[in-house]
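Read the structure below first, then the notes.
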Amino acid sequence: MLIKKLSLGLALLASINIVSSCTGCGSNNASQDDMVIPDSIANAPLQLSENVVNDMIQNISSPVEMANSIKNTGVTFSESVLNPSDNMKNYNSSFKRALNLGAYSADLGYINTFNKSSVVVQYLLAVKELADGINVGQFLDFNTLKRLATNSTNLDSLKQLSCTSFNNMDKYLREQRRANVSSAIIAGAWVEGIYLTGKVVEQTHDEDLTNRLAEQKEIVNILLIVLKNFSKADKNFENLSAKIEAIKAAYDNVRITYEFREPITKEVDGMLVIDQNEVPHVEYTPDQETVINDIIAKINESRQFIVE
């Protein structure tokens, strides 16, 4: 299975498409000083090119994919595993707002996958507040999203709009030399996504989902490269990188090899698309249960750092 690409739009894509109503969203009262994480990419010790940052961020797996894998195990929806939407009011720094904008996006993907419209609005409002708090709320056209969501025949248009909105948000942040903010959002989404996955693995011991969790080894390596670039200039990123480094160490006991099969050809919008067909094989040392339990423990520590 190939590592699928993630944009901010894909991370939040499924979070929007079942919203049946959304009342007016209040504005955030944060001061202008809190709007931007102080140390931007311009102050990072290693000047990564935009193309490098783009490639790294684009290769982070979508938490929506993980949510679909979770549902496929047959497990029932559990609101208790989510980061409570009320926690949003506790995130007063731009760093925490960015991290938890990502975390709530993964929660919304999980909520949407299980069609739990009864709780989606409160999480959508939390996303709006956090986006406003880091000065990117202008990219979320909630009135149009609400209108499209009231008619199930508009779901394709709704998906496209939400994807476009968050792609524009990500593009804007990096154009403004705020790739650190974008990276924090991505980190929050990834950690929350694999946290939810770990919870289900503990409950079901599903083999396919366990292997999906193990395959995140390649993702954590990419993510850590990005986060460490901001660590010397920003203590927040240094602390986050230390948590992700612990996850990486736990993944050292996972070995992934790939079997390359015949590429898959298909037609998309009248164009021929060729997808590489790689089948991963996962090995654990000393054994699967020990390694996966250690990985999950380190993921839980990182997630606690993000949501506390």
Side-chain angles (χ1 to χ4, degrees), residues 6 8 11 30-61 63 83 87-88 90-106 130-131 133-136 169-170 173-174 176-195 198 216-253 294-308:
L6 169 72
L8 289 177
S31 67
Q32 187 65 32
D33 289 342
D34 285 335
M35 291 297 182
V36 180
I37 297 176
D39 298 303
S40 71
I41 191 172
N43 298 320
L46 174 63
Q47 293 299 310
L48 298 178
S49 73
E50 278 297 301
N51 288 337
V52 170
V53 174
N54 286 351
D55 288 344
M56 290 180 178
I57 291 176
Q58 289 290 316
N59 277 287
I60 303 294
S61 290
N83 181 18
N87 280 354
M88 175 271 299
N90 299 326
Y91 305 135
N92 298 317
S93 70
S94 57
F95 179 73
K96 281 288 189 175
R97 288 174 186 142
L99 279 178
N100 285 283
L101 175 57
Y104 281 135
S105 77
L130 294 178
I134 56 174
N135 244 11
V136 291
M169 180 192 300
D170 181 46
L173 285 170
R174 284 181 279 116
Q176 296 297 310
R177 304 188 68 79
R178 296 174 66 195
N180 51 346
V181 180
S182 181
S183 298
I185 296 171
I186 294 293
W190 181 77
V191 170
E192 185 74 358
I194 60 170
Y195 168 79
Q216 296 298 297
K217 175 176 182 175
E218 297 186 6
I219 302 300
V220 73
N221 292 335
I222 296 169
L223 182 62
L224 195 55
I225 291 171
V226 176
L227 296 180
K228 278 192 168 182
N229 190 47
F230 308 114
S231 293
K232 291 184 179 180
D234 191 326
K235 186 70 174 179
N236 290 315
F237 277 94
E238 181 181 352
N239 293 335
L240 177 60
S241 294
K243 296 295 184 183
I244 304 300
E245 186 78 63
I247 298 177
K248 180 180 181 296
Y251 271 108
D252 285 345
N253 296 314
D294 187 30
I295 290 172
I296 290 174
K298 296 301 186 290
I299 290 169
N300 291 348
E301 291 175 10
S302 293
R303 197 263 190 169
Q304 183 60 34
F305 169 79
I306 289 171
V307 305
E308 64 184 2

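Nothing here was measured: the structure is a model prediction, and the numbers come from that model. Atoms considered below: every heavy atom in the structure, side chains included; atoms not considered: hydrogens, waters and symmetry mates.
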Test side chain to side chain contact (heavy atoms under 4.5 Å, CB included) applied to V220 and W190, step by step: CA-CA 9 Å; V220 73; W190 181 77; 3.7 Å; yes
Verdict with supporting geometry, I244 and I247, side chain to side chain contact (heavy atoms under 4.5 Å, CB included): CA-CA 5 Å; I244 304 300; I247 298 177; 4.2 Å; yes
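Summarising the geometry, atom CD1 belonging to I186 is positioned 10.0 Å from atom CG belonging to L173; distances are rounded to the nearest 0.5 Å. In this structure, CG in N92 is found 7.0 Å from CG in N90, a value given to the nearest 0.5 Å. With rounding to the nearest 0.5 angstrom, the NZ atom of K248 is 5.0 Å from the CG atom of N221. A distance of 10.0 Å separates CG of N135 from CD of Q176, quoted to the nearest 0.5 Å. S93 contributes atom OG, which lies 6.0 Å from atom CG of N236 (distance to the nearest 0.5 angstrom). The structure places CD1 of I185 at 11.0 Å from CG of N100, a figure rounded to the nearest 0.5 Å.
By the salt bridge (Lys or Arg N to Asp or Glu O under 4.0 Å) test, E238 is found to be paired with K235, residues two or more places apart in sequence or in another chain being considered. In this structure, the side chain to side chain contact (heavy atoms under 4.5 Å, CB included) partners of K243, at least two apart in sequence or on a different chain, are S302, F305. Annotation: side chain to side chain donor-acceptor pair (under 3.5 Å) contacts of S241 (sequence neighbours excluded): S231. Qualifying side chain to side chain contact (heavy atoms under 4.5 Å, CB included) partners for A246, counting only residues two or more places apart in sequence or in other chains: K298. Shown here are the side chain to side chain donor-acceptor pair (under 3.5 Å) partners of N87, two or more places apart in sequence or in another chain: N83.
Here the closest non-hydrogen pair linking Y91 and I306 is CE2-O, 4.3 Å. Between A250 and D294, the shortest heavy-atom distance links the atoms CB-OD2, 3.6 Å. Closest heavy-atom contact between A189 and A106: O-CB, 3.6 Å. The minimum heavy-atom distance linking G198 with I296 is given by the pair O-CD1, 3.7 Å. Across K217 and D252, no two heavy atoms sit closer than the pair NZ-O, 4.2 Å. Closest approach of A184 and L99 over heavy atoms only: O-CD2, 3.3 Å.
Taking the six-membered ring where tryptophan is involved, the planes of F237 and F95 are perpendicular, since the angle between them exceeds 60° and thus also 30°.
A donor-acceptor pair under 3.5 Å is absent between the side-chain atoms of R97 and the main chain of A131, judged by distance alone. Using modelled atom types, no side-chain atom of S182 and backbone atom of A179 make a donor-acceptor pair closer than 3.5 Å.
Between R178 and I134, some side-chain heavy-atom pair lies under the 4.5 Å cut-off.
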